[in-house]
Amino acid sequence: MVLGAEVSVEAGAGSGAAIPDIAYVDAGATIAERAALTAAADLILAVQAPPTLPGARAGTAVVAIFAPAANRATVDAYAAVGLTALAMDLMPRITRAQSMDVLSSQSNLAGYKAVLDAAAEYGRAFPMMMTAAGTIPAARVFVLGVGVAGLQAIATARRLGAVVSATDVRLATKEQIQSLGAKPVFIEDEETRAAETSGGYAKEMSDAYKAKQAALITETIAKQDIVITTALIPGRPAPRLVTAAQVASMRPGSVLVDLAVEARGNIEGSVAGEVVETSGGVKIVGHKNVPSRVPFDASALYARNLFNFVQAFWDKNAGHPVWDRDDEIVKGVMLTEGGAVVHPVMAPTA
Ligand code: NAD
């Protein structure tokens, strides 16, 4: 709207986030069914990219979350009908793109909600409480993986009054953990000093490192009430950080939350979309798409990420965005254009 575009919204699009159609109408949009919108649009903005968009015209740009490694068929289908697919989840981690970074905006909410989900499953209180009927000890929370989600999990658990410790392979997180009032639990060796890629992500670690890390986790985990895992390695399955034996070492009533469950999982025994209870009375929470469990805020932050992206490439004279293939951001996010798959991570599988 600010850009002068005519905006239409799919009927019922906001119902899961408690945003009624009338709110979009009040903001100046029209409401229609998907088929009508798809055929008329020059630019389609979506949350998860639909596997196909029947009726969409060649040259229409689709900005959405594609998870291209897992959804090759969707990318190929978009290329086949000449759509320009732009993946918000491939946004490069550069300063100019920070306000468009959907992984950050959503991970932050996931880290927050993971702690609340743990608290809801936990049959005890988080803060220490001194009452006339006795003292309740503070819950002990251990966070594995201290990226955007992990930092928010630490901050949320601290706000709830828990005693928090945390670990990561990237040594740079040690000070961040301390600054949030939590205790860093770290292996410090040559490998951790080089564990961070230039993009700020973790690398896959050696077997020797993994053995040392497993011993440290075994020792730490047995003393915890709550464990939150968030560890991811871009383009690979998530590292397996917690074994069934380590889960079994926790006392009954303890809760683990696996935020990496959809990328194979950090915890042995976690199941995507389920809360599993072990024979030892320990719960492993594996909710899918955790940001969608805070739907209003997830939607609002994602919408702002989309707007910042589209605005950055909007050509005022043309009245539509122009995707400059030499721009670092466009290079990072463009999957298909002109009937072809153009992204280097999507080299032909044949
Ligand atoms: P992520 O979601 O890829 O991974 C989560 C965490 O898991 C990371 O901290 C990672 O180091 C850790 N991890 C991976 N393997 C592990 C293992 N075996 N054991 C323990 N921990 C393990 O990470 P993220 O949340 O996307 O953040 C990664 C970095 O990128 C952070 O430094 C973050 O501040 C930075 N970042 C930069 C920008 C930007 O500049 N635009 C935006 C967002 C995040």
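Not measured: the values here are computed from a predicted model. Atoms within each ligand, like the ligands themselves, are counted from 1 in listed order.
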N/O to N/O below 3.5 Å, does that happen between [X] and ligand 1?
{"X": "S104", "value": "no"}
{"X": "T167", "value": "no"}
{"X": "V148", "value": "yes"}
{"X": "R170", "value": "yes"}

So, [X] side chain and [Y] main chain: donor-acceptor pair closer than 3.5 Å or not?
{"X": "H343", "Y": "V333", "answer": "no"}
{"X": "S165", "Y": "K183", "answer": "no"}
{"X": "Q246", "Y": "I217", "answer": "no"}
{"X": "N308", "Y": "M100", "answer": "no"}
{"X": "D315", "Y": "H320", "answer": "no"}
{"X": "T60", "Y": "A41", "answer": "yes"}

Note to self: Taking atom CD as the centre, does E204 end up with more than 12 heavy-atom neighbours from other residues, nucleotides or ligands that are less than 6.0 angstrom away?
What the structure shows: yes
Note to self: Check contact between K210 and ligand 1, using heavy atoms of the residue and a distance below 4.0 angstrom.
What the structure shows: no
Check: Any non-hydrogen atom of T173 lying under 4.0 Å from ligand 1?
Finding: no
Quick check on contacts: which atoms of ligand 1 are under 4.0 angstrom from a heavy atom of [X]?
{"X": "Q213", "answer": "17 (C), 18 (N), 19 (N), 20 (C)"}
{"X": "L241", "answer": "17 (C), 18 (N), 19 (N)"}
{"X": "Y201", "answer": "3 (O), 26 (O)"}

What is the closest protein heavy atom to [atom], and at what distance does it sit?
{"atom": "atom 40 (O) of ligand 1", "value": "Q98 NE2, 3.5 Å"}
{"atom": "atom 28 (C) of ligand 1", "value": "G200 O, 3.4 Å"}
{"atom": "atom 2 (O) of ligand 1", "value": "L232 CD1, 3.6 Å"}
{"atom": "atom 7 (O) of ligand 1", "value": "A231 CA, 3.2 Å"}
{"atom": "atom 24 (P) of ligand 1", "value": "R93 NH1, 3.6 Å"}

Notebook entry, point to check: Looking at residues at least two apart in the chain, or sitting in another chain, which of them share a salt bridge (Lys or Arg N to Asp or Glu O under 4.0 Å) with K212?
Noted result: D189
Salt bridge between [X] and [Y], side-chain N to carboxylate O under 4.0 Å?
{"X": "K288", "Y": "E262", "value": "no"}
{"X": "D327", "Y": "R96", "value": "yes"}
{"X": "R124", "Y": "D225", "value": "no"}

Next item on the list: Measure up the W323 and F313 rings against each other and bin them: parallel (under 30°), tilted (30 to 60°), perpendicular (over 60°).
Entry: tilted
Within reach of ligand 1, part of [X] (heavy-atom separation under 4.0 Å):
{"X": "D101", "result": "side chain"}
{"X": "V146", "result": "backbone"}
{"X": "P239", "result": "side chain"}
{"X": "M205", "result": "neither"}

Margin query: Which option wins on minimum heavy-atom distance to atom 10 (C) of ligand 1: L151, I233, D168?
Written below: D168
Next item on the list: Kindly indicate whether atom 34 (O) of ligand 1 is approached by any protein heavy atom to under 4.0 angstrom.
Entry: no
